Protein chains: 2
Amino acid sequence: MDTTQSTDQERSADRRRRELLEAADRVVLRDGPGASMNAIAAEAGITKPILYRHFGDKGGLYAALAQRHTDALLDSLRAALDAPAERRERVEATLDTYLAAIEARPQVYRFLMHPAEGGQPGGDQGFDVGKHSAPLLRRMGEELGKVIEDRLDLGPDSRRLARIWGHGIVGMMHAAGDWWLGERPCTRAELVRSMADLLWGRLAAAGDKVGGPGF
Amino acid sequence: MDTTQSTDQERSADRRRRELLEAADRVVLRDGPGASMNAIAAEAGITKPILYRHFGDKGGLYAALAQRHTDALLDSLRAALDAPAERRERVEATLDTYLAAIEARPQVYRFLMHPAEGGQPGGDQGFDVGKHSAPLLRRMGEELGKVIEDRLDLGPDSRRLARIWGHGIVGMMHAAGDWWLGERPCTRAELVRSMADLLWGRLAAAGDKVGGPGF
DNA sequence: ACTAAGATGTTACCTGCGGTAACGCGAGTC
DNA sequence: GACTCGCGTTACCGCAGGTAACATCTTAGT
């Protein structure tokens, strides 16, 4: 039958695609985001043109690779966000989930967030990430915004406010996490608590220091 | 005299350097962050090796270029942070200053934050930013952290808390600003107010929506 | 069973990038 | 006048992303 044939072909192509993605994953994990198409092809046991037939260009491969990890991370975050507990606990759980993820697989994280960075050898013109650097942040921001809008009563303008907060909180999490991952100035739990404190208004509640007009 | 000579030379070299930086600036503003060394050299009316003699490598040029803008922006932010007003007003002024800056010169902003992004032509392997993508965020985070630590009374752990908050707030500002700059979902003033509200604990204060366990 | 088609994979090549070595040249110095 | 030395050039290397053209193996049709 024609349909079964095309189905088989499609399935085979899909499997191939998955295999290639996994190979790319391994290489990126090993060589960092600066991995070259040649290296990925070699790891997959094939040559460049095949990669290009499957993914169009490097951006396509990147996008596919990024989406897998992004989806996985977003699932974890949604789970933490949906846990049965009170708000502060959920927020802390979500922050902790994110931080645990980037702590467990920093290479993946660097790949998703920072285009090119690894590689002491000469030409390290990264993984042409370009416009694909933001998507993870954007997606997380949008998702969180939706959740906030769905569950919180923010009066009028709730939609706008929720989206702003979504992106803002995600950005806070990201920047603090990135800094923390680099300098490791404290425990993960401490970082989580401190960020939650910030979100809980401790900035506004703090007193001025003696002698100054305060921040 | 020998000293005057060397001084003259240094001054001349510095002037040259400034000229080159301004040329690079023009190119980056025109072609986006994907500007090539050849293009920059051409704009400056010279050839590549001279650029390399002055800045070592592309990272050096980027770093020099970035530092100029970063310094300028940080000065503005410090000014807003030091204005004589109460805390909330200062926070809003600082946020607004940042947003105004990225709104006024988005090209510069994209250059500082996002490595490579412009360029429909074939090879657009960006402005090998790599490790130099974060510095602006890091610097802003550190500076804000210091200010917070200096002026707020946060009890014990104040140092750690202040730094975390510094990086977190900067990240919030950045992510929300980036999103806002792309989608323009609201006024700058509205964005500022909303972010300040978030920092002032409205997230914790908001009530659950009817029917759900709340966020 | 033989052929036609189409996916699968290869080699060999192009362009453009960052980066460098080797040379040319004019201005001051002894 | 030879000598250095900063400024500038041309010509080149290696390597990246990306592509064209060729080889091959599977599979369907008659």
Side-chain angles (χ1 to χ4, degrees), chain A residues 1-17 19-20 23-24 27-28 31-42 44-63 115-116 118-130 132, chain B residues 1-2 4-17 19-20 23-24 27 31-42 44-63 115-116 118-130 132:
Chain A
M1 253 173 138
D2 208 30
T3 56
T4 50
Q5 274 177 342
S6 73
T7 301
D8 282 1
Q9 282 175 195
E10 281 174 14
R11 288 194 179 260
S12 146
D14 269 20
R15 275 181 48 196
R16 203 77 180 127
R17 194 185 159 91
E19 289 174 20
L20 297 184
V27 176
V28 166
D31 298 356
S36 80
M37 293 296 266
N38 263 321
I40 294 176
I46 51 157
T47 48
K48 270 195 300 179
I50 304 185
L51 282 182
Y52 284 96
R53 280 223 259 271
H54 274 276
F55 301 101
D57 63 349
K58 196 165 188 171
L61 202 171
Y62 168 88
Q120 52 275 31
D124 65 343
Q125 54 260 34
F127 210 99
D128 180 10
V129 167
H132 310 96
Chain B
M1 255 168 121
D2 208 30
T4 49
Q5 273 178 341
S6 76
T7 300
D8 283 2
Q9 282 176 195
E10 282 175 14
R11 288 196 178 261
S12 146
D14 269 21
R15 275 180 48 197
R16 203 76 179 127
R17 193 185 160 91
E19 289 175 21
L20 297 185
V27 176
D31 297 356
S36 81
M37 292 297 265
N38 263 322
I40 295 176
I46 50 157
T47 48
K48 270 196 300 178
I50 305 185
L51 282 183
Y52 283 96
R53 280 224 255 271
H54 274 275
F55 300 101
D57 63 349
K58 195 166 189 172
L61 202 171
Y62 168 90
Q120 53 272 32
D124 65 341
Q125 54 258 36
F127 209 98
D128 180 10
V129 168
H132 309 98

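Lettering follows sequence order; numbering is per chain, from 1. Nothing here was measured: the structure is a model prediction, and the numbers come from that model.
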(request) Measure from CG on B:Leu51 to C1' on C:dC17 and round the result to the nearest Å. (result) 14 Å

(request) Please examine the side chains of B:Leu61 and B:Met37, heavy atoms only from C-beta on, and report whether any two atoms are closer than 4.5 Å. (result) yes

(request) Please state how far atom NE2 in B:His54 lies from atom P in C:dG19, giving the value in whole angstrom units. (result) 16 Å

(request) Please state how far atom CZ in B:Arg15 lies from atom P in D:dC7, giving the value in whole angstrom units. (result) 12 Å

(message) For B:Gly45 and B:Lys48, find the nucleotide of DNA chain D closest to each by heavy atoms; which residue's nucleotide sits nearer the 5' end?
(response) B:Gly45

(request) Mind calculating the distance between CG (B:Asp57) and P (C:dG19) to the nearest angstrom? (result) 5 Å

(message) Rounding to an integer number of Å, can you tell me how far B:Leu20 CG sits from D:dC7 P?
(response) 11 Å

(request) May I have the distance from A:Tyr52 (atom OH) to C:dT8 (atom P), rounded to whole angstrom? (result) 19 Å

(request) Grab the CZ-P distance between A:Phe55 and C:dT8 for me, whole Å please. (result) 13 Å

(message) By the 4.0 Å heavy-atom rule, please label A:Ile50 as base, sugar-phosphate, or nothing.
(response) base

(message) Rounded at 0.5 Å granularity, tell me how far CG in A:Asp31 sits from CD1 in A:Ile40.
(response) 9.0 Å

(request) Measure the distance from CD1 on A:Ile46 to C1' on C:dG9 and round it to the nearest whole Å. (result) 9 Å

Grab the N/O contacts between the protein and nucleotides 21-27 of chain C below 3.5 Å, and write none if there aren't any.
none

(request) List for me each residue that meets side chain to side chain contact (heavy atoms under 4.5 Å, CB included) alongside A:Arg17, sequence neighbours excluded, and say none if there are none. (result) A:His54, A:Phe55, A:Ala64

(request) Taking side chain to side chain contact (heavy atoms under 4.5 Å, CB included) as the test, write out the residues that go with A:Asp57, two or more places apart. (result) none

(request) Report yes if at least one side-chain N or O of A:Thr47 is closer than 4.0 Å to OP1 or OP2 of C:dT10; otherwise report no. (result) yes

(request) Hey, could you give me the CG/CD1 distance between B:Leu20 and B:Ile46, rounded to the nearest 0.5 Å? (result) 5.0 Å

(message) Looking at every non-hydrogen atom in both residues, tell me the closest pair between B:Val27 and B:Ala35 and how far apart they are.
(response) CG1-CB, 3.5 Å

